[in-house]
Amino acid sequence: MELAKSVLLALLALLAWLASGSIADDRLTLMSFMSGMTANSSLALARSSWGNSSVPTCQRRGVTCGLSGRRRGRVVALDLPGLRLGGTIPPELGNLTYLRRLHLPANHLHGVLPPELGNLPELSHLNLSYNSFQGRIPASLSNCTRLQNLLLYSNSFHGEIPPELCLLSDLQVLSLGQNTLTGNIPLGIGNLANLRTLNLQFNNLSGGIPQEIGGLVNLVGLGLGYNLLRGSIPASLGNLSALQYISIPSAKLTGSIPQLQKLSFLLVLELGVNNIEGRIPAWLGNLSSLMFLSLQQNRLTGRIPDSLGSLQLLNNLDLSQNNLSGPIPHSLGNLGALVTLRLDYNELEGFFPPSLLNLSTLEDLGLQSNRLSGSFPRDIGNKLPNIKSFVADINQFHGTIPSSMCNASMLQILQAVYNSLSGRIPDCLGTRQNRLSVVALSKNQLEATNDADWGFLSSLTNCSNLQALDLGYNRLQGELPSSIGNLSSGLSFLIIANNNIVGQIPEGIGNLVNLKLLYMDYNHLEGTIPASLGRIKVLNRLSLPFNNLSGPPTSSRQSYSTKSTITPRKCT
């Protein structure tokens, strides 16, 4: 009896071995794979050893074979990333019985995935991201019971996520983002107890985020943003203590921010561009590992919690486009690693907190469209040496533009439109700021009464990257200096309308050959419109009325009439 049993087992093993094919079969399968490639791809493979019949299969580029036992000489891995391979995956690839790893990302592969890939019982890694595959994700992949990594990111798959994938109990990475998948997130997703990364972003998924997702106790990264989800963030997320990354922006979520204070390892919390309501929870300040906090463009109300100042590792804080009120907390000055602080488009009030000058690493400060008042700190440019973008439009700031702003050598964008700033524009502006691209100071009470007050224009000629200069609706007087023609040839927008500028338009204005918009109306300019304006072939918005100008000369009249739009604008 025992002998018969042993013979039976041996026969079964022999049959299994015979069914698994041979080394020759693997070779034929790879030849089938190569034949499915486009001409250029096949040539590239041929040049990389695939086209040389004398090169053993296991020595070809990207091919790994087993070294011992029944896998000896059999293909166990196919790694060909980033080779611009075009073509399709043949069904015969499902004959590579011992294949553990199929890694073909960042190519130009297309077509549908053959369901025969589900015939790979040892497959643990499948990465076909950044290709152009279409059709549905084969449900047969659920037969690959050893699969740990399934990455199909950035393709053109459509249809629903196969619920059968939720049977892959060993799965650790499921990345299906940037496709056109529809339907609900499968409720069975909570069965994937070993899952560490779930990325479903940039699809058309609908329905709510299932509560069952709280069963993914090993989850480290969760990306569900840029979908058509609805409902609130499930409270069960607060139980996933291993989470480090939560990204659910632009997903049409409602409700309030759930209790997440147990997520002590959380590095990223990105919930922007939703319809989340309520207050910003004070317990966020206890998430000491947090480096990125983005809650912009929601419906949050109330004050910014002082506790956020405890997030010592935070380098990005974006609370813009909400309905937040009250002052900017002084505690934010404790965020010594902060690079980006966006508080724009709220209802904040009070002064510019001096404590913000402690943020020497700050590069991007957005304060526009609030009710902030007071003056800018005199030493702001010295204390914020890394500032690149300073935007404080549509507030109630007054006083002068501090001359220390000239010392912010990294500055690229300076905007303070629609405030009550007064005094002279610092004549050093631009002297040390060759990266400066935007200067927008319109709708203030800035002054220039003599040639010296226009000295800033000479300094701005050092800014070879300058693209926009907006000084309209101020109290600038005197004549335009000829240095205006020495501004960057890349300047696209120049606005000096609604001032009290006198004299002639300098002929050098025609040197600004990339100018697309030029507004000089509502001044006291006189003389002939410079013929040099005809050299600006891309100019499509020109406004000069309500001056004492004549022309243009006959030789250049046609270029104005065909490329310029004369638009009278009243002072507001």
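- To the nearest 0.5 Å, the span separating CG on L83 from NE2 on H108 amounts to 10.5 Å.
- The closest side-chain heavy-atom distance from I328 to L372 is below 4.5 Å.
- The closest side-chain heavy-atom distance from I380 to M405 is below 4.5 Å.
- Atoms OG1 and CG, on T340 and N315 in that order, are 7.5 Å from each other to the nearest 0.5 Å.
- T254 OG1 to L229 CG: the interatomic distance, rounded to the nearest 0.5 Å, is 10.5 Å.
- Looking at heavy atoms from C-beta onward, I89 lies in side-chain contact with L104 at the 4.5 angstrom threshold.
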Derivation of the side chain to side chain contact (heavy atoms under 4.5 Å, CB included) call for F33 and L80:
CA-CA 12 Å; F33 173 76; L80 296 169; 3.9 Å; yes
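- With sequence neighbours excluded, no residue forms a salt bridge (Lys or Arg N to Asp or Glu O under 4.0 Å) with D379.
- Looking at residues two or more places apart in sequence or on another chain, you find no side-chain hydrogen bond (donor to acceptor under 3.5 Å, both in side chains) involving Q134.
- A donor-acceptor pair shorter than 3.5 Å can be found between the side chains of N149 and H125.
- Of the possible polar contacts, none joining the S32 side chain to the L28 backbone as a donor-acceptor pair under 3.5 Å is found.
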Tabulate below the donor-acceptor pairs under 3.5 Å that side-chain atoms of residues 270-278 make, not counting sequence neighbours, or state none.
from	atom 1	to	atom 2	distance (Å)
E270	OE1	S247	OG	2.8
N274	OD1	A251	N	2.9
N274	OD1	K252	N	2.9
N274	OD1	L253	N	2.9
N274	ND2	I248	O	2.9
N274	ND2	L271	O	3.0
N274	ND2	G272	O	3.1

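- Annotation: salt bridge (Lys or Arg N to Asp or Glu O under 4.0 Å) contacts of R342 (sequence neighbours excluded): D344.
- Applying the side-chain contact (heavy atoms from CB on, under 4.5 Å) rule to A106 yields the partners Y130; only residues at least two apart in sequence or on another chain are considered.
- Going from atom CG of L171 over to atom OG of S142 covers 11.5 Å, rounded to the nearest 0.5 Å.
- Residues that satisfy the side-chain contact (heavy atoms from CB on, under 4.5 Å) test with P210, not counting sequence neighbours, are I185, L187, I189, E212.
- Checking side-chain atoms of N370 against main-chain N and O of N346 turns up a donor-acceptor pair under 3.5 Å.
- Rounding to the nearest 0.5 Å gives a distance of 6.0 Å between NZ of K388 and CD of Q412.
- The ring-ring contact (aromatic ring centres under 6.0 Å, His included) analysis of residues 299-346, with sequence neighbours excluded, yields no pairs.
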Cut-off 3.5 Å, no hydrogens considered: what does the side-chain donor-acceptor table look like for residues 117-124, sequence neighbours left out?
from	atom 1	to	atom 2	distance (Å)
N119	ND2	E116	O	3.4
E122	OE1	R71	NE	3.0
E122	OE1	R71	NH2	3.2
E122	OE2	R71	NH2	3.0
S124	OG	R100	O	3.3

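- Side chains of Q261 and N286: no donor on one and acceptor on the other come within 3.5 Å.
- Pairs of residues two or more places apart, or lying in two chains, never qualify as salt bridge (Lys or Arg N to Asp or Glu O under 4.0 Å) while including a residue from residues 304-329.
- Taken from CD1 in I387 to OG in S409, the straight-line distance is 12.0 Å, to the nearest 0.5 Å.
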- Task: Kindly indicate, with the supporting measurements, whether the criterion side chain to side chain contact (heavy atoms under 4.5 Å, CB included) is fulfilled by W283 and I257.
- Result: CA-CA 11 Å; W283 51 256; I257 299 173; 4.1 Å; yes
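- Legend: salt bridge (Lys or Arg N to Asp or Glu O under 4.0 Å) pairs involving residues 229-249, not counting sequence neighbours: none detected.
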- Steps toward side chain to side chain contact (heavy atoms under 4.5 Å, CB included) verdict (I161, I137): CA-CA 7 Å; I161 299 172; I137 298 172; 5.7 Å; no
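- Contacts of C166 classified as disulfide bond (SG atoms under 2.5 Å apart), with partners at least two apart in sequence or in another chain: none.
- Sorted by first and then second residue, the salt bridge (Lys or Arg N to Asp or Glu O under 4.0 Å) pairs involving residues 148-171 (not counting sequence neighbours) form an empty list.
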